[in-house]
There are 2 protein chains.
Amino acid sequence: MRNVDKRDVPAVTVPRLALYLRKLRELRARGVERISSKDLAETIDLNAAQIRKDFSYFGEFGTRGVGYEVARLVDEISHCLGLDRSWNVIIVGAGLLGTALARYRGFSEQGFRLVAMFDSSAAVIGASYGTGRVRSIGDLEDFCRKEQVDIALVTVPAAEADGTVGRLAAAGVKAVLNFAPVKVHAPEDVLVRQVDLSSELMSLTFYLDREQA
Amino acid sequence: MRNVDKRDVPAVTVPRLALYLRKLRELRARGVERISSKDLAETIDLNAAQIRKDFSYFGEFGTRGVGYEVARLVDEISHCLGLDRSWNVIIVGAGLLGTALARYRGFSEQGFRLVAMFDSSAAVIGASYGTGRVRSIGDLEDFCRKEQVDIALVTVPAAEADGTVGRLAAAGVKAVLNFAPVKVHAPEDVLVRQVDLSSELMSLTFYLDREQA
DNA sequence: GAATGTGAATTTATTCACAGCA
DNA sequence: TGCTGTGAATAAATTCACATTC
């Protein structure tokens, strides 16, 4: 991967890289050694030029007339996405969703290390879910300042989400995945992404024919 | 809302409608009766013209020189999104994520009714989570054909997701929210949306400065 | 006077189409 | 010959700017 200014990469390209990576890992696991942009495009229902252009923001990963080496591409895209290192993750909010996420294997498989969880309820403090032991929410700032916390998953009730993100930002956490259905505020240099299940459902109902029984 | 061909509505407008709706409900709950596109835009960090244009695909909801009546707007957007009726939802896969979703209050609050869950493990069949009683996966098609199932949330292991979606489609389910980290195949007339947590995390790590400790 | 609704202008993203290279 | 990599063309989305209406 050549040196890239991330602002030159279209925002829509990034989630597509994750999609390519998943499919390429699957191909590699199946023993496929080479693939063309055309064939890859077919399996994920996309335009082949789209894929080539997405790669082109980062360098030249293929061989003209031949295609792409799957193993090389997996390495390159992993590197583009910052997945060639591990990232420390905390979960704030040890409710149903937080504890389910803590035990979700998908995270650790991608190099995300759950290093702690936080909750305000004495009933769960001390319990462990996956690799995450629940600490008191009062220790949040201390922990974030002492340990290298890269990403926080926020699964607290909606009313507390904004305050929680503020505390995380103040304690130096630079990336937040917010599962509470509210828009949260954070300084410019803190990345916030929203995961919103009822929003997803609404996008489905929009397209569902409302004349159904 | 005037009669609208949904294909004329840009795809990106739909999730924004859900966002507007949430904020407007919050404003209504706080007793705010009127709002301008400028003020609404500020609270959700968007361009005011964007909001007005999004509304304009569906009709004229405001009053020139005055702004929008919050209550009216809530009703109009709810109607646009198909939220003025209730939708029957099933969850296929009663693992950690499936059961967490089943007990998540956000769904029922928006008019989504969890009518059943399905799993292959005898250990969970018969158990109830929220309003969802777990049935045998063998009964999936029968149930979908007899009851009106509008949306299926698929929380089965990745290896089974594609087959599960195929069965749902064959049984007449027209919308699927897939939580398994694989691209699933479905007929043209079946809507599939992907919710992918590790993808979201990767979009964060891309932008995180990789020079961190 | 104030804010909507919307064509026109701009920006961003996708797709085409072909030069360049194995 | 076959497929990448990429400028050019097209399409889509956003933003501007203003006529219109209350």
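So that the names make sense, note that chain A is the first sequence line, chain B the second, and so on, each numbered from 1.
For the ring pair (Phe, Tyr, Trp, His ring centres under 6.0 Å) test, residues two or more places apart in sequence or in another chain that qualify with A:Phe55 are A:Tyr20, A:Tyr68. Looking at residues two or more places apart in sequence or on another chain, you find no side-chain hydrogen bond (donor to acceptor under 3.5 Å, both in side chains) involving A:Arg2. Taking B:Asp189 as the reference, B:Lys174 meet the side-chain hydrogen bond (donor to acceptor under 3.5 Å, both in side chains) condition, with sequence neighbours excluded. Residues meeting the ring pair (Phe, Tyr, Trp, His ring centres under 6.0 Å) test with A:Phe61, sequence neighbours left out: none. Legend: residues meeting ring pair (Phe, Tyr, Trp, His ring centres under 6.0 Å) with B:Tyr57, ordered by chain and number and at least two apart, are absent.
Put simply, OH on B:Tyr68 is 14 Å from P on D:dC22, counting in whole angstrom units. B:Arg64 places its CZ atom 9 Å from the P atom of D:dT20, with the value rounded to the nearest Å. One can place CD of B:Gln50 at 16 Å from P of D:dA17, the figure rounded to the nearest angstrom.
Residue pairs satisfying the salt bridge (Lys or Arg N to Asp or Glu O under 4.0 Å) criterion with at least one member in residues 71-83 of chain A, sequence neighbours excluded, are listed as follows: A:Arg72-A:Glu76. Within the structure, salt bridge (Lys or Arg N to Asp or Glu O under 4.0 Å) pairs that include any residue of residues 42-58 of chain A comprise A:Arg16-A:Asp54, A:Lys38-A:Glu42 (at least two apart or interchain).
Proximity note for B:Ala49 (side chain, C-beta onward) versus D:dG5, D:dT6, D:dA17: the nearest is D:dA17.
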For residues 24-35 of chain B, dump all side-chain donor-acceptor pairs below 3.5 Å to protein atoms at least two apart in sequence or in another chain.
from: B:Arg25; atom 1: NH1; to: B:Gln110; atom 2: OE1; distance (Å): 2.4
from: B:Glu26; atom 1: OE2; to: B:Arg30; atom 2: NH1; distance (Å): 3.1

Could you go through residues 163-171 of chain B and list every donor-acceptor pair under 3.5 Å that involves a side-chain atom there, pairing it with any protein atom two or more places apart or in another chain?
from: B:Thr164; atom 1: OG1; to: B:Glu160; atom 2: O; distance (Å): 2.8
from: B:Arg167; atom 1: NE; to: B:Glu141; atom 2: OE2; distance (Å): 2.7
from: B:Arg167; atom 1: NH2; to: B:Ile137; atom 2: O; distance (Å): 2.9
from: B:Arg167; atom 1: NH2; to: B:Glu141; atom 2: OE1; distance (Å): 2.9

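Relative to the six-membered ring of B:Tyr207, A:Lys6 misses at least one condition, a distance below 6.0 Å or an angle of at most 45° to the axis.
Protein chain B contacts DNA chain C from C:dA2 to C:dA8, reading 5' to 3' and using non-hydrogen atoms of the protein with a distance under 4.0 Å.
A heavy atom lying under 4.0 Å from DNA chain D marks the following residues of residues 34-48 of chain A, by number: A:Ser36, A:Ser37. Remark: A:Arg52, A:Lys53, A:Ser56, A:Glu60, A:Phe61, A:Gly62 in residues 52-62 of chain A come within less than 4.0 Å of DNA chain D through at least one heavy atom.
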